[in-house]
Number of protein chains: 2
Amino acid sequence: MFSYKDKKVITIGIVSELTGLSERKIRYYEERGLLFPERTKRGTRVYSFSDVEILLTIADKREEGVQTCEIKKDMMNDKKKSDVRNQMLRGQINAHFNIRK
Amino acid sequence: MFSYKDKKVITIGIVSELTGLSERKIRYYEERGLLFPERTKRGTRVYSFSDVEILLTIADKREEGVQTCEIKKDMMNDKKKSDVRNQMLRGQINAHFNIRK
DNA sequence: CGTGTAAGGAATTCTGACACG
DNA sequence: CGTGTAAGGAATTCTGACACG
């Protein structure tokens with residue numbers, strides 16, 4: 001359920017190299033609620049590979065001129081869809097096991 | 001072929017938290033040739049999740065009193081074995097495709 | 001709105017060395 | 001051999017703000 005992909009261990013400097021985005025931009029997108037890094041004890045932001053992927057998506061949309069609030073809506077929608085998908089999957093699994101019972 | 005697990009993106013402070021090992025130990029095990037972090041442009045060491053796993057293995061062995069050179073030999077052996085395994089697998093795949101041809 | 005930058009402080013990382021054993 | 005520590009410097013990260021637009 002929890003893989004390396006979601007483990008928050010990458011500091012902002014590395015994320016900046018990985019994405020080509022300035023630290024300013026990365027912090028700003030967080031401020032806008034587009035991603036949620038964790039913090040180390042001392043307050044340094046740490047990101048996951050998933051966060052890096054999100055940032056790359058944001059970078060693409062920004063290049064197209066899409067505003068951060070629009071990007072956020074899109075991401076919420078994608079999340080909803082995948083939530084629905086997960087619910088359906090769970091339903092199917094339940095159905096499967098009910099038949100077998 | 002190349003996954004998040006092998007991507008070198010974690011700085012030594014985070015690795016230290018993740019493994020419970022002091023930075024001194026982590027650098028020393030590198031000096032002994034047990035793992036090979038990369039460096040950022042500015043010279044900071046960066047590690048992968050694989051490196052973190054290696055360090056946890058080292059920590060276990062060190063607790064048992066095994067010396068670093070012994071640990072290194074073991075790791076070389078394990079590597080050889082998995083190399084052999086990979087060769088065998090490749091052989092099987094080739095055989096499979098030869099039959100189909 | 002989105003992003004750059006200068007500012008000052010606090011925490012990080014690096015290397016080479018001394019210490020103990 | 002394996003690890004701690006103090007030392008000094010260089011690079012990182014953080015926040016709040018001013019700037020432009």
*asked:* I need the NZ-P distance between A/Lys25 and C/dT3, as an integer number of Å.
replied: 5 Å

*asked:* Does a side-chain N or O of B/Arg62 approach OP1 or OP2 of D/dT3 to a distance below 4.0 Å, or not?
replied: yes

*Nearest-Å distance, CD1 (A/Ile26) to P (C/dG4)?*
10 Å

*Return no unless some side-chain N or O of B/Ser22 is found under 4.0 Å from OP1 or OP2 of D/dG4.*
yes

*asked:* Between A/Thr57 and A/Asp60, is there a side-chain donor-acceptor contact under 3.5 Å, judged purely by atom types and distance?
replied: no

*Given atom OH of B/Tyr28 and atom C1' of C/dT15, what is their separation to the nearest angstrom?*
17 Å

_Nearest whole Å is fine: how far is C/dT12 P from B/Ile14 CD1?_
9 Å

*Taking only N and O in the side chain of A/Arg42, is any of them less than 4.0 Å away from OP1 or OP2 of C/dT12?*
yes

*Counting heavy atoms from C-beta on, name the nucleotide in D/dC14, C/dT13, C/dG2 closest to the side chain of B/Ile12.*
C/dT13

*asked:* Is there a side chain to side chain contact (heavy atoms under 4.5 Å, CB included) between A/Thr44 and A/Arg39? Walk through the geometry before answering.
replied: CA-CA 5 Å; A/Thr44 301; A/Arg39 299 278 182 137; over 6 Å; no

*Could you state the NZ-P distance from B/Lys61 to D/dG2, rounded to the nearest angstrom?*
14 Å

*asked:* Regarding B/Glu64 and B/Lys61, does a basic nitrogen lie under 4.0 Å from an acidic carboxylate oxygen?
replied: no

*On DNA chain C, nearest-nucleotide positions of A/Thr68 versus B/Thr44: which is more 5'?*
A/Thr68

_5' precedence on DNA chain C between B/Arg27 and B/Arg24 (nearest-nucleotide basis)_ = B/Arg27

*Would you kindly give the CD-to-P distance between A/Glu30 and D/dC14, to the nearest whole Å?*
9 Å

*Sort out the partner of C/dA10 for me: Watson-Crick or G-U wobble, both distances under 3.5 Å, none otherwise.*
D/dT12

_Identified side chain to side chain contact (heavy atoms under 4.5 Å, CB included) partner of B/Phe49 from the options B/Ile54, B/Ile10, B/Val15, B/Asp6_ = B/Ile10

*Whole-Å gap separating P (C/dG4) and CD (A/Glu31)*: 14 Å

*Hey, is the side chain of B/Thr11 poking within less than 4.0 Å of OP1 or OP2 on D/dT12, counting only N and O atoms?*
no

*Expressed in angstrom and rounded to an integer, what is the separation of B/Glu23 atom CD from D/dA6 atom C1'?*
15 Å

*Both distances under 3.5 Å, Watson-Crick or G-U wobble: report the partner of D/dT5, or none.*
C/dA17

_Using OP1 and OP2 only, check whether a side-chain N or O of A/Tyr29 sits under 4.0 Å from C/dG2._
no

*Taking all heavy atoms of B/Val46 and all of B/Thr11, pick out the closest pair and write down the distance.*
CG1-CG2, 4.3 Å

